[in-house]
Structure formats: C-alpha cells, structure tokens
Amino acid sequence: MTVSFILSSLARLYPDAQCALLFRNPFELLIATILAAQATDKSVNKITPELFRKYPTPADFLPLSPEELEASIRTIGLYKNKARHILATCTLLVSRFGGEVPADRASLESLPGVGRKTANVVLSNAFGVPAIAVDTHVFRVANRLGLAQAATVLETERQLMGNIPEEQWTIAHHWLITHGRQVCHARKPACSSCDLHPVCADYHKKTEE
DNA sequence: AACTCGGGGCA
DNA sequence: TGCCCAGAGTT
C-alpha cells in the first residue's frame, strides 16, 4: 500500500530522526519548544544549556523580571513574548501543577505560550505519549505526499493519525519534518533527488502538466 | 483572516 | 542584502 511504502521509505531515509531540541527532562523541552517558535533549533540549542544551568526548575525562573529573562534569550528573536510566556508558565507550573510539567494535553495547552503543536511535542518526546506535532513542515510534506488532504493543521493531524499506525505517530513527525527541512522545501522542493516522488501526489500532479 | 513579535543564520 | 526560522496570542 502507498502509505506503508511512504513510511518505510522515510524510515530508511532518516534512521536517526529525533527531536532537534536539546533537553534532559520535560521542563527543559517545554521551555525549549516555547523558545523555538519562529526561531531555529540551532539558535535555541545555543542558549538553553546555559539557561537551564542557571535556572534548572520552574521555581528558579520566578524571581526573574521580564527584562532579565529577555536579556538571556534576546539573541533568538521574538524575546518579549517568549519571556512573558515563560515566566507566566513557570508561575502556573509552581502554583497549579506542583512544580512539575503536566502530562496531559488540556493542562499543557492551558499554559501561556503553549499551543497544540508545542503540547504534542512535549507529550510525544518527553512523556512517550503517541502524538503527531503538525508544524509548517509537516503540514506541507504530508499534504504533498498525499498522507493528508487537508486545509488546516488540525485536520492534517487527524488524517495522519488515521493513516499512520499509532506506534509510529511520534517518529513519523520526525521523519516528515526532517524531509521537509532537507528535501521537500517550501519554495523549491528537490524532487529530482527525492526517493518518494514515485508515490508523491504533488509530484504526479505537477508532472501531468 | 490578519497582525505582531525579531535577532540571527545562511545563501 | 533578502529571506526564513520545530508558533502562539490578540484583535
């Protein structure tokens, strides 16, 4: 079947696919993912080791003023929102969740700066809960390949969950995002060097014209 | 649906 | 120099 061929091809292409953000526990991944909104994973990984060395737990962030945290994360951009969201999230983690990162979607999405994509990243990578985090890469690649035919991120996620075995949800996210970053680019997809174009819906559509 | 946050990385 | 970056909140 086409879907299983696509999945097995991606597995062969990206055997080492994994989370691009450095983290040692759910809290570090949560903060790193908030920081990663519209920033590169390399930029985030550059500042988080020092950040978590100085502030290892949610409680350690509480004494910080917004200005102090902004200064620490300035080099990745969009730092004002991120600093505000991180401080508010740490306050909630301490006051409502006993200083721990909650492991359910509703609680995660109640945290400032945490949307569905970030919640899925934390659930799947830090807690082992099967989930598919749909960002712009996954949305684009999944719809091009034909793993989804959806106009929205949420509908793409639902279709992927229906088309992919649950035990592969987490790794499928890493396969698709890696393929999007390395081959299936937004502007100029490298179809000529892509092993998947024989089964790619978008490639067939383009070549028929 | 459109707008805002944003300095750094990289061609 | 110009474009993009593992998004989310507000209006």
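Just so it is clear: chains get the letters A, B, ... in the order the sequence lines come, proteins before strands, and each one is counted from 1. No experiment lies behind these values; they were computed from the predicted model shown.
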Between C:dA8, B:dG8, B:dC10, spot the one nearest the side chain of A:Lys117, thanks.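 The closest nucleotide is C:dA8.
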Nearest to the A:Arg187 side chain among B:dC5, C:dC4, B:dG7, which nucleotide is it?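 Among the listed nucleotides, the one closest to the side chain of A:Arg187 is C:dC4.
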When the nearest nucleotide of DNA chain C is assigned to A:Ile76 and to A:Gly115 on a heavy-atom basis, which residue is associated with the more 5' position?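 Looking at DNA chain C, the more 5' nearest nucleotide goes with A:Ile76.
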Nearest whole Å is fine: how far is [N] [atom2] from [X] [atom1]?
X        : N     : atom1 : atom2 : result
A:Asn81  : C:dA8 : CG    : P     : 12 Å
A:His137 : C:dC5 : NE2   : C1'   : 7 Å
A:Leu154 : C:dA8 : CG    : P     : 13 Å
A:Lys80  : B:dC5 : NZ    : P     : 9 Å

Whether A:Glu70 and A:Arg84 form a salt bridge (side-chain N of Lys/Arg under 4.0 Å from carboxylate O of Asp/Glu) is what I want to check.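 So A:Arg84 does not pair with A:Glu70 through a salt bridge.
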Mind checking whether A:Tyr14 and A:His174 have ring centres under 6.0 Å apart?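 Not under 6.0 Å, so no.
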If the C1' atom of B:dG6 is compared with that of C:dG2, how far apart are they to the nearest Å?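 15 Å, rounded to whole Å.
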Mind telling me whether A:Phe61 and A:Tyr55 have parallel, tilted or perpendicular rings, with 30° and 60° as the class edges?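 It falls in the tilted class, 30° to 60°.
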Under 3.5 Å side-chain donor-acceptor pair for A:Glu68 and A:Ser65: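 Per modelled atom types, A:Glu68 and A:Ser65 side chains form a pair under 3.5 Å.
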